[in-house]
Amino acid sequence: MASPEERHNFRRTEAKWQETWTSRNCFTVEPNSPKPKYYVLEMFPYPSGRLHMGHVRNYTLGDVVARYKKAKGFNILHPMGWDAFGLPAENAALERGVHPGKWTRQNIKDMREQFRPLGFSLDWSREVTSCEPEYYKHEQKMFLDFLKAGLAYRKESWVNWDPVEHTVLANEQVIDGKGWRSGADVEQRKLSQWFLKITHCAEDLLKAIEGLDRWPDKVRVMQHNWIGRSEGARVQWPLVNADKTDRGESLEVFTTRPDTLFGASFCAISAQHPLAAKLAENNPDLAEFIAECGRTGTSTAAIEMAEKKGFDTGLRARHPFNPQRTVPVFAANFVLMDYGSGAIFGCPGHDERDMEFARKYGLPVYCVVAPVGEDVKAFTDKLEAGSVAFTDDGVIVNSDFLNGLKVDAAKRAAIEKLEGLKLGKGTVQYRLRDWGVSRQRYWGCPIPIIHCATCGPVPVPDKDLPVTLPEDVTFDKPGNPLERHPTWKHVKCPSCNAEAVRETDTFDTFVESSWYFARFCSPHVDDRPFDKAEAMKWLPVDQYIGGVEHAVLHLLYSRFYTRAMSECGYLDLKEPFAGMFTQGMVCHETYRAADGTWLEPGAVEVVNGVAMAKGQPITVGRSEKMSKSKKNTVDPQHIIETYGADAARLFMLSDSPPERDLEWTDAGIEGAWRFLNRLWRMAAAASEIPAQDIPADLDASAATVLRQIHRAIAAVGDDLEKFRFNSAVARIRELTNRVEDMDRSVTGGDAVFRFGVSIVAQIVNPLTPHIAEEVWELLGNKTILAQGSWPAHDPALLEDSVVTIAVQVNGKLRGTIAVAKGADAKTCETAALELPAVAKQLDGKAPRKVIVVPEKIVNIVA
RNA sequence: GCGGGUAUGGCGGAACUGGUAGACGCGUCAGACUCAAAAUCUGAUUUCGGCAACGGAGUGGGGGUUCGAUUCCCUCUACCCGCACCA
């Protein structure tokens, strides 16, 4: 171990500066400040009780932005809170018998303590906790307002039921037919649910994506696809019974290809379609088919994909353009009830799935689109005999009045005709469905509704809000404890005073996270969710930072919720997040023993280049996201205790660009630690030099370093603006190297050295603020960097008076020349041709052509 | 299947609007200090040939545009992510 004075004592200095910042109130908003505002927000954490490296990365990125923007003269809002409702609390209750509330609040306390030593510039005075009534009561009020505004409604619907968690899942929470948390096969059940009408904003949510120019393209594309707009038509097919009598009703289908209507050979309805249910009453085989579809549901969708099953209902449907023509109506497992009208028409010739279905059930194939210029007869024969659909653009054929039109024109013509016949209508369909917010859970915000046998669902009157969660609940049985509570749900109907029951469902936890960013603007107002003027002052969030896993759900819900709040007068804003950044995951190598069990990194040692654990060779797996199940986690607290917060932060920012995955390595954190100690030793040396001005007769070598210092200020600032934190770290290290290596004995050497160290302190401050403050103080400064400003660079010093430019012959580098900045082309050319290497390449011949790009390059074409 | 992304030394990664590829770091090797080790410092480190000067090749593969391509275009391959019967 080196002597103490050679090493930076991070334990002492980090605690010291954290106390200083707190006691000087460095991170609270400046009231009535003339400075422009800047709202930095990281996604608020779920209080699991344990800080992990993903948190460290997320909040470090945000802290860099907050500290940098503060130094650039902004008034910063950088708050913190807890996304505190959710299932893990109930799981803890089940597993350990702890009350979810107690467990959650203890976790919050613990995690707040774990955050403290990282030195984030967070304004804790604005802390919000979503599981407390002071927070969720506003959510209840807003929900009732949404209800009044028609933005919330109740409907019976098929839901994804997780049999393990005993709850309903949103479509987004079903992954490959399995519950996103439990991994259990999801079943289909019909329940009455509350919905928020996100589809009301579908078009606007889609269009406005264009304006989100500070969002990652990836996220914008994902949201675009999620909303899934498609143009098409709803078409009526009059139904005919098996005995050829008209049923007096028609089947509505949705199609994006009305141009191919003449190629129809069947219709298919969803197994969940009301018509299917009606027909099944007198048809046990159909009933059995429907039941089978319900069983397989979405659960084995991936496997079942190839297997398209249909059941001929016996009904037939009249072709809208030719009443003489009828097609069979099938019930089919692949038709989705909640998209379009839950029914389709099948055109096997021009849709691959329909083709597969037609071939399986012996249905005819009609060719109605042919490639331009192709022989129609020959193409028709080939298509109708084959089993490959033609889905490209082309010319309509065999289609009466549509013949000869291109696909797009035919779509328009078909829709016009349908509308004339009153058998259809052009429409826009979205993939996006309304947001089901009911959850059959205890640990969530109660939905403020009372169910009365005579009045139906009645909103809880304002005066009775909030509806608080009862604390005295038990978790000895599966399902929702609110259902079983002896008294809580039994209340009088607010409208007729009869005996009634409370809604026992609670909100999806995505509701809390859909408005917390607004609550932070005025977290202590009690009579409304937030002060409108304050919210309008701070919103939108200037820079939001979080994981890509929320690219669709949370971000889309928040965009909708902001619109909904605006419709109800709470705000005047559409987009909550002007800038979005999605960070990569923190990964680590995985290790497995011979018996396949996962091993912790701490258990692994490398002996003679072979990875071993307990004397046995082990398998080193690829790097994966840190997770408890794979045991490849590294505990942030341990890292901070060993190397300090600055080292942990620096490593998080080095090497990997923030949007990419970061590979955690011991060598990496040690590298960061070494750099900090080097900086520390430089600071000690610089502090020995008296403060002094840089002399006018500065030595040339020191002047070069001075230019490099100014260049680094500009470059690091630029990198931080653009989220190139890894590059900023590289430039700071580069500058540190230059300053450290400079010759201090020349005229002005000491002054430039001292200046260089002080600049390093200032530009490294957003990244590693503790050591930066310490260095700054060591240099005799009485101010603190947390309240300081970004150093100004002198534009005149950014560039050298002499530039080195490359000389190429035929595009290959043959040497460099140093010319005065601004030297003309002729000078450059002459200097280049004088290079021996160039002369050698030319071999006495005159160059055919010389290209000179001033201050960049000379290329000689031989 | 559809949509999006990525590919650069032993490794993570740099390279602004087409202009000196490999910044910065890690690792490795050699050396200094040391009784020794750690720490620290110095030097080397894309690759091939060569003692060297120097020369050849080189940014996943192939092709193109250009005086000049990691960067632009076409094409192929591999991997990663999202959606997945959306009619």
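Here is how names work: the chains are called A, B, and so on, in the same order as the sequence lines, proteins then strands, and each is numbered from 1.
- Under the ring pair (Phe, Tyr, Trp, His ring centres under 6.0 Å) criterion, Tyr591(A) pairs with no residue at all, not counting sequence neighbours.
- One cannot find a donor-acceptor pair under 3.5 Å joining the base of C41(B) and the side-chain atoms of Arg681(A).
- Nearest heavy-atom pair across Cys267(A) and Leu251(A) is CB-CD2, 4.0 Å.
- Taking all atoms of both residues into account, the shortest heavy-atom contact from Pro258(A) to Ala414(A) is O-CB, 3.5 Å.
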Give each protein N/O atom lying under 3.5 Å from an N/O atom of nucleotides 27-29 of chain B, with the pair distance.
from: G27(B); atom 1: OP2; to: Arg674(A); atom 2: NH2; distance (Å): 3.4

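- In this structure G9(B) sits in the syn conformation; its chi angle is within 90° of 0.
- Between Tyr557(A) and Trp435(A), the angle of the ring planes stays under 30°, which puts this pair in the parallel group of the 30/60° scheme.
- Atom P of nucleotide C41(B) and atom CE of Met682(A) are separated by 12 Å, given to the nearest angstrom.
- Residue Thr665(A) places no side-chain N or O under 4.0 Å from the OP1 or OP2 atom of C11(B).
- Distance check on atom P: A15(B) versus C67(B) gives 28 Å, rounded to whole Å.
- In this structure, Asp655(A) has no salt bridge (Lys or Arg N to Asp or Glu O under 4.0 Å) partners at least two apart in sequence or on a different chain.
- Of the N and O atoms on the side chains of Ser623(A) and Glu663(A), at least one donor lies less than 3.5 Å from an acceptor on the other residue.
- Nucleic acid contact for Ser654(A): none, since no nucleic acid atom lies under 4.0 Å from a heavy atom of the residue.
- Under a 3.5 Å cut-off, the side chain of Asp661(A) and the backbone N or O of Met585(A) do form a donor-acceptor pair.
- Residue pairs meeting the side chain to side chain donor-acceptor pair (under 3.5 Å) criterion with at least one member in residues 823-834 of chain A, sequence neighbours excluded, are Asp824(A)-Thr827(A).
- In this structure, Lys722(A) atom NZ and U17(B) atom C1' are separated by 11 Å, rounded to whole Å.
- Under 3.5 Å, the side chains of Arg678(A) and Asn737(A) contain a donor-acceptor pair of N or O atoms.
- For Arg353(A) and C86(B), the shortest distance from a side-chain N or O to OP1 or OP2 is below 4.0 Å.
- Aromatic ring pairs are classed by plane angle as parallel below 30°, tilted from 30° to 60° and perpendicular above 60°; the pair Phe723(A) and Phe581(A) is parallel.
- Between the NE2 atom of His550(A) and the C1' atom of G82(B) there is a distance of 15 Å, given to the nearest Å.
- Within the structure, salt bridge (Lys or Arg N to Asp or Glu O under 4.0 Å) contacts touching residues 225-236 of chain A (residues at least two apart or in different chains) are Glu203(A)-Arg229(A), Arg229(A)-Glu231(A), Arg234(A)-Glu252(A).
- For A53(B) and A37(B), the P atoms lie 33 Å apart once the distance is rounded to whole Å.
- Side chain of Lys308(A) to main chain of Glu356(A): no donor-acceptor pair is present (N/O by atom type, distance under 3.5 Å, no hydrogens or angles).
- Atom name P, nucleotides A69(B) and G62(B): the rounded distance is 15 Å, in whole Å.
- For Lys218(A), there are no salt bridge (Lys or Arg N to Asp or Glu O under 4.0 Å) partners two or more places apart in sequence or in a different chain.
- Using atom P as the reference point in both C83(B) and C29(B), the two lie 45 Å apart (nearest Å).
- Rounding to whole angstrom units, CD of residue Glu624(A) and P of C79(B) are separated by 16 Å.
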* Structure fact -> Nucleotide by nucleotide, nucleotides 49-56 of chain B touches protein heavy atoms under 4.0 Å in the pattern (B base, S sugar-phosphate only, - none) ------SS
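- Scanning atom types as modelled, one donor and one acceptor separated by under 3.5 angstrom connect the side chain of Lys308(A) and the base of C85(B).
- The salt bridge (Lys or Arg N to Asp or Glu O under 4.0 Å) analysis of residues 256-265 of chain A, with sequence neighbours excluded, yields the pairs Arg257(A)-Asp259(A).
- Residue contacts for Val335(A): at a heavy-atom cut-off of 4.0 Å it reaches a base atom on one of the strands shown.
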* Structure fact -> Reading nucleotides 18-24 of chain B from 5' to 3' and marking B where a protein heavy atom lies under 4.0 Å of the base, S where only the sugar-phosphate is that close, and - otherwise, the string is -BB--BS
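- Computed from coordinates, the Arg234(A) CZ to A87(B) C1' distance equals 12 Å when rounded to whole Å.
- Residue-level contact check: Arg848(A) touches neither bases nor backbone, having no heavy atom under 4.0 Å from any strand.
- Distance, Trp215(A) CH2 to G5(B) P: 18 Å, rounded to whole Å.
- In this structure, Asp354(A) atom CG and A87(B) atom P are separated by 11 Å, rounded to whole Å.
- Atom CZ in Phe10(A) sits 9.5 Å away from atom CG in Asn677(A) (nearest 0.5 Å).
- The line from CG of Leu735(A) to CD1 of Ile759(A) is 8.5 Å long, rounded to the nearest 0.5 Å.
- Nucleotides U45(B) and A23(B), compared at atom C1', are 15 Å apart to the nearest Å.
- Classification of the Phe510(A)-His554(A) ring pair by plane angle, with boundaries at 30° and 60°, yields parallel.
- G50(B) and G55(B) have their C1' atoms separated by 9 Å, with the value rounded to a whole Å.
- Residue Lys218(A) contributes atom NZ, which lies 11 Å from atom C1' of C83(B) at whole-angstrom precision.
- Rounded to whole Å, the C1' atom of U20(B) lies 12 Å from the corresponding atom of G68(B).
- Consecutive pairing runs in RNA chain B reach the stem threshold at B:1-7 with B:77-83, B:10-12 with B:24-26, B:27-32 with B:40-45, B:46-49 with B:54-57, B:60-64 with B:72-76, where a stem means at least three Watson-Crick or G-U wobble pairs with distances under 3.5 Å.
- Taking the nucleotide of RNA chain B with the nearest heavy atom to each of Val221(A) and Glu740(A), the more 5' of the two is matched to Val221(A).
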Check nucleotides 44-46 of chain B against the protein and report each pair of N or O atoms closer than 3.5 Å, with its distance, or say if there are none.
none

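- By the salt bridge (Lys or Arg N to Asp or Glu O under 4.0 Å) test, Glu352(A) is found to be paired with no residue, residues two or more places apart in sequence or in another chain being considered.
- Residue Phe254(A) places its side chain closer to A87(B) than to any other of A87(B), G3(B), C83(B).
- The gap from the C1' atom of U59(B) to that of A44(B) amounts to 23 Å, rounded to the nearest Å.
- Using a 4.0 Å cut-off between charged nitrogen and carboxylate oxygen, Arg724(A) and Asp718(A) count as a salt-bridge pair.
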